[in-house]
Amino acid sequence: MMPLAGGIVGSAFPFQSFAEPALKEPTAANIYDSLGVQSVINGRGTVTIIGACRMLPEVEKAMKAATRHYVQLDELMEGAGKKLAELTGAEWGIVTTGATGALIV
């Protein structure tokens with residue numbers, strides 16, 4: 001009964017798709033300018049404190065494809081760890097959000 005109720009109540013509120021953001025796109029050439037945040041020149045390499053690094057187009061494409069499906073995160077981490085081990089020859093691997101995320105895990 002609850003899924004049905006959710007469908008009825010949910011239909012009363014129009015779905016906001018990611019293609020139609022609730023906020024207007026910033027008009028500034030640099031999105032950070034619209035927030036009053038100063039950009040810096042990265043002379044340090046890949047470090048978390050200055051936004052880590054840019055993603056390759058292939059990574060962005062894979063991330064977008066992954067948003068079309070749901071999985072159990074524990075199972076995803078196990079599968080990704082096995083794949084990283086296979087690719088690198090290591091015993092196991094882990095994907096983290098960066099150096100800080102790796103320390104917390």
Side-chain angles (χ1 to χ4, degrees):
M1 186 66 176
M2 290 305 287
L4 176 60
I8 293 169
V9 172
S11 65
F13 301 98
F15 176 72
Q16 179 75 39
S17 82
F18 290 111
E20 302 172 32
L23 300 175
K24 293 177 96 178
E25 287 286 324
T27 56
N30 178 337
I31 191 167
Y32 298 113
D33 290 342
S34 69
L35 299 172
V37 176
Q38 182 179 2
S39 295
V40 298
I41 296 172
N42 181 2
R44 299 171 75 178
T46 304
V47 291
T48 303
I49 194 67
I50 60 169
C53 65
R54 295 181 180 151
M55 287 187 279
L56 295 171
E58 296 88 351
V59 174
E60 290 180 4
K61 184 177 178 182
M63 289 174 68
K64 186 172 182 176
T67 66
R68 294 185 181 102
H69 308 278
Y70 296 97
V71 297
Q72 293 289 332
L73 290 183
D74 292 338
E75 188 176 340
L76 173 61
M77 292 298 290
E78 186 68 28
K82 287 178 183 177
K83 185 65 173 180
L84 287 170
E86 176 187 314
L87 293 171
T88 64
E91 292 180 29
W92 190 75
I94 187 168
V95 177
T96 69
T97 57
T100 304
L103 290 171
I104 294 170
V105 174

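The structure presented is a predicted model; accordingly, all values stated were derived computationally and were not measured.
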Which residues pass the side chain to side chain donor-acceptor pair (under 3.5 Å) test with Ser39, not counting sequence neighbours?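 Only Asn30 meet the side chain to side chain donor-acceptor pair (under 3.5 Å) criterion with Ser39.
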Can you name the closest pair of heavy atoms from [X] and [Y] and give their distance?
X: Ala85; Y: Ala90; result: CB-O, 3.2 Å
X: Ala80; Y: Val95; result: CB-CG2, 4.4 Å
X: Leu84; Y: Ile94; result: CD1-N, 3.6 Å

Leu87 side, atom CG; Lys82 side, atom NZ - distance, nearest 0.5 Å: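 Those atoms lie 14.5 Å apart.
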Salt bridge (charged side-chain N to carboxylate O under 4.0 Å, His left out) pairs, two or more places apart, involving residues 84-97: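 Listed once each, the pairs are Lys83-Glu86.
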Apart from Val71 itself, which Ile, Leu, Val, Met, Phe, Trp or Tyr residues share its cluster (side-chain heavy atoms under 4.5 Å, direct or through members)?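 Once heavy-atom contacts under 4.5 Å are chained together, Val71 belongs with Leu73, Leu76.
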Would you mind writing out the side-chain donor-acceptor pairs for residues 55-70 within the sub-3.5 Å range, not counting sequence neighbours?
residue	atom	partner	partner atom	Å
Thr67	OG1	Lys64	O	2.6

Hydrophobic clusters here meaning ILVMFWY residues chained together by side-chain heavy-atom distances under 4.5 Å, can you tell me if Ile31 and Val37 are in one?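 In one cluster: yes.
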